[in-house]
Enquirer: 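Handing you this structure, nothing more for now.
Count residues from 1 along the sequence.
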Amino acid sequence: MTDIPPPPPSSAGPGGGTSYPIELDYDRDYDVQNWRPLVNWLLAIPHWIVLYVLGIVAFVLWFISLFVVLFTQRNPFVGFQTMYLRYYWRVSSFAGFMRDEYPPFDFATDDVSAMRDPAVVTAEDPGDMNRFLGFVQWLLALPHYIVLGVLEIALFVVLVINLFIVLFTGRWNESMRDFCVGVARWHTRVYGYVFLITNRYPPFSLQ
């Protein structure tokens, strides 16, 4: 008999939102300089190079963590994996012209550093983890991959529409930007789950 439990249901948080150990938020207004859609993607290239390297490291640490958790029930790489997801969110929010501020080259792994930028990702310490669940979490997340594939098509359409909205008005459509943040939140929770930041199954929610 194994100690692999079924994915637990998510719990509702205050205000109808979803409480989850990995959280993403965006604390910035909707105004953006009109020319940002034309150049932010280009200015973000140095960050994409850094992210590529960080992604390789994150994958290697994920593989190592499978065996560390197997023997110790602890994942010592939670801080790094959270930092990687936080860095990704900062860069993608800039490249997606949701902000004027250039994201920092910040590799701090503590949650205090998460508050230095409007693009925030934080994660709770998972404590003792299931020894065996990590070997199948990437597979259990398959339904999320399918939903995210559909959402990212919609995200592309929203970005194209708001490229013109921002060019002419200097402001994101509020509901559309909230949708973009929601997709990023969903993406972050799923990949945080796969990276063994938590054993809690992510909710099917943009909130």
Side-chain angles (χ1 to χ4, degrees), residues 22-59 61-62 79-109 111 113-123 141 144-145 147-195 197 202 205-207:
I22 304 165
E23 276 303 336
L24 176 147
D25 208 346
Y26 196 55
D27 186 17
R28 193 191 185 282
D29 61 29
Y30 297 89
D31 294 327
V32 185
Q33 292 172 310
N34 302 66
W35 50 273
R36 285 293 179 180
L38 302 178
V39 300
N40 275 21
W41 63 273
L42 183 62
L43 295 174
I45 288 177
H47 279 294
W48 289 123
I49 295 171
V50 172
L51 271 171
Y52 178 77
V53 176
L54 290 177
I56 294 173
V57 176
F59 177 80
L61 293 182
W62 165 77
F80 181 91
Q81 304 288 36
T82 304
M83 178 275 293
Y84 170 67
L85 293 175
R86 182 183 305 129
Y87 198 103
Y88 187 92
W89 173 223
R90 289 174 176 174
V91 175
S92 58
S93 64
F94 177 77
F97 56 90
M98 294 167 60
R99 57 191 283 171
D100 301 320
E101 306 84 7
Y102 198 70
F105 289 90
D106 183 358
F107 309 103
T109 58
D111 280 352
S113 71
M115 306 306 171
R116 299 174 189 162
D117 192 89
V120 178
V121 173
T122 58
H144 282 283
Y145 304 150
V147 175
L148 280 172
V150 176
L151 288 175
E152 285 171 4
I153 294 172
L155 179 65
F156 175 78
V157 174
V158 167
L159 285 171
V160 171
I161 293 172
N162 277 272
L163 184 151
F164 294 100
I165 292 176
V166 172
L167 279 175
F168 289 105
T169 70
R171 184 177 177 85
W172 262 81
N173 175 276
E174 295 184 13
S175 60
M176 289 187 182
R177 200 198 73 173
D178 292 347
F179 171 79
C180 292
V181 174
V183 173
R185 181 176 294 119
W186 196 321
H187 179 279
T188 298
R189 288 171 175 169
V190 171
Y191 284 92
Y193 173 73
V194 171
F195 283 155
I197 295 175
S205 174
L206 295 171
Q207 300 303 315

Enquirer: Between E23 (side chain only) and V121 (backbone N and O only), is there a donor and an acceptor less than 3.5 Å apart?
Expert: no
Enquirer: Considering only NZ, NE, NH1 and NH2 on the basic side and carboxylate oxygens on the acidic side, decide whether R28 and D117 come within less than 4.0 Å.
Expert: no
Enquirer: Output the distance between atom CG (L38) and atom CG (L43), rounded to the nearest 0.5 Å.
Expert: 11.0 Å
Enquirer: Under a plain distance cut-off of 3.5 Å, with no hydrogens placed, do W186 and H144 share a side-chain donor-acceptor pair?
Expert: yes
Enquirer: With a 6.0 Å cut-off (strictly less than), is the heavy-atom count around CZ of F156, excluding the residue itself, greater than 12?
Expert: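 Counting other residues, nucleotides and ligands, CZ of F156 stays at 12 neighbours or fewer.
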Enquirer: Please report the interatomic distance CG(L54) to CZ(F107), rounded to the nearest 0.5 Å.
Expert: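 With rounding to 0.5 Å, CG (L54) is 6.0 Å from CZ (F107).
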Enquirer: Identify the two heavy atoms, one from V91 and one from P103, that lie closest to each other, and give their separation to 0.1 Å.
Expert: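 Smallest interatomic distance, heavy atoms only, reads CA-CG, 4.3 Å.
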Enquirer: Are the aromatic ring centres of F97 and W41 under 6.0 angstrom apart?
Expert: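 For F97 and W41, the ring centres are not under 6.0 Å apart.
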Enquirer: Report the distance from atom CD1 of I56 to atom OH of Y84, rounding to the nearest 0.5 Å.
Expert: 9.5 Å
Enquirer: What distance do L85 atom CG and F80 atom CZ have between them, rounded to the nearest 0.5 Å?
Expert: 10.0 Å
Enquirer: Verify, without hydrogens or angle tests, whether R99 (side chain) and F94 (backbone) share a donor-acceptor contact under 3.5 angstrom.
Expert: no
Enquirer: Indicate yes or no: does R171 engage D29 in a salt bridge with an N to O separation below 4.0 Å.
Expert: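 So R171 does not pair with D29 through a salt bridge.
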Enquirer: Counting only heavy atoms not in F59, do more than 12 sit closer than 6.0 Å to its CZ atom?
Expert: no
Enquirer: May I ask you to test the P46-F105 pair for a side-chain heavy-atom distance under 4.5 Å?
Expert: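 In short, these two side chains touch, coming nearer than 4.5 Å.
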Enquirer: Could you measure the distance from the CE atom of M176 to the CG atom of L159? Nearest 0.5 Å is fine.
Expert: 10.5 Å
Enquirer: Taking all non-hydrogen atoms of both residues into account, name the closest pair between V194 and A141 and its distance.
Expert: CG2-CB, 4.0 Å
Enquirer: So, the side chain of Y193 versus the backbone of I22: is there a donor-acceptor pair under 3.5 Å, distance only?
Expert: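 Looks like no, no N/O pair under 3.5 Å.
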Enquirer: Identify the heavy atoms of A123 and I197 that sit nearest to each other, and give their distance.
Expert: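 Nearest pair, atom of A123 first, then I197: CB-CG2, 3.7 Å.
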Enquirer: Over 60° means perpendicular and under 30° means parallel, so classify the ring planes of W48 and Y88, tilted if in between.
Expert: perpendicular
Enquirer: Quick one: does any side-chain atom of R177 pair with a main-chain N or O of W172 as donor and acceptor, under 3.5 Å?
Expert: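 No; zero donor-acceptor contacts below 3.5 Å.
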Enquirer: How many angstroms lie between CZ in R185 and SG in C180, if you round to the nearest 0.5 Å?
Expert: 12.0 Å
Enquirer: Test your reading of the model: is there a side-chain donor-acceptor pair from N34 to the backbone of L167, 3.5 Å cut-off?
Expert: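 Yes: the side chain of N34 pairs with the backbone of L167.
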Enquirer: After noting the C-alpha distance and the side-chain angles of R90 and D106, does the key distance pass the salt bridge (charged side-chain N to carboxylate O under 4.0 Å, His left out) rule?
Expert: CA-CA 10 Å; R90 289 174 176 174; D106 183 358; 3.6 Å; yes
Enquirer: Apply side-chain contact (heavy atoms from CB on, under 4.5 Å) to M98 and V181, showing your working.
Expert: CA-CA 10 Å; M98 294 167 60; V181 174; 3.7 Å; yes
Enquirer: Determine, stepwise, if the pair V190 / L148 fulfils side-chain contact (heavy atoms from CB on, under 4.5 Å).
Expert: CA-CA 9 Å; V190 171; L148 280 172; 4.1 Å; yes
Enquirer: For D100 and V32, work out which heavy atoms get closest and say how close.
Expert: OD1-CG1, 3.4 Å
Enquirer: Between L163 and V166, is any pair of side-chain heavy atoms under 4.5 Å apart?
Expert: no
Enquirer: In this structure, is the centre-to-centre distance between the rings of H47 and Y87 below 6.0 Å?
Expert: yes
Enquirer: Taking all atoms of both residues into account, what is the closest heavy-atom pair of L206 and L151, and its distance?
Expert: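 In this case the closest contact between L206 and L151 is CD2-CD1, 4.2 Å.
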Enquirer: Does I165 offer a backbone N or O that forms a donor-acceptor pair with the side chain of N162 under 3.5 Å?
Expert: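 Checked: no pair found.
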Enquirer: Tell me, do V120 and Y26 make a side-chain contact under 4.5 Å, heavy atoms counted?
Expert: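 When only atoms from C-beta onward are counted, Y26 and V120 do not touch, as no gap falls below 4.5 Å.
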Enquirer: What pair of heavy atoms forms the shortest contact from A184 to L24, and how long is it?
Expert: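 Closest pair (atom of A184, atom of L24, distance): O-CD1, 3.6 Å.
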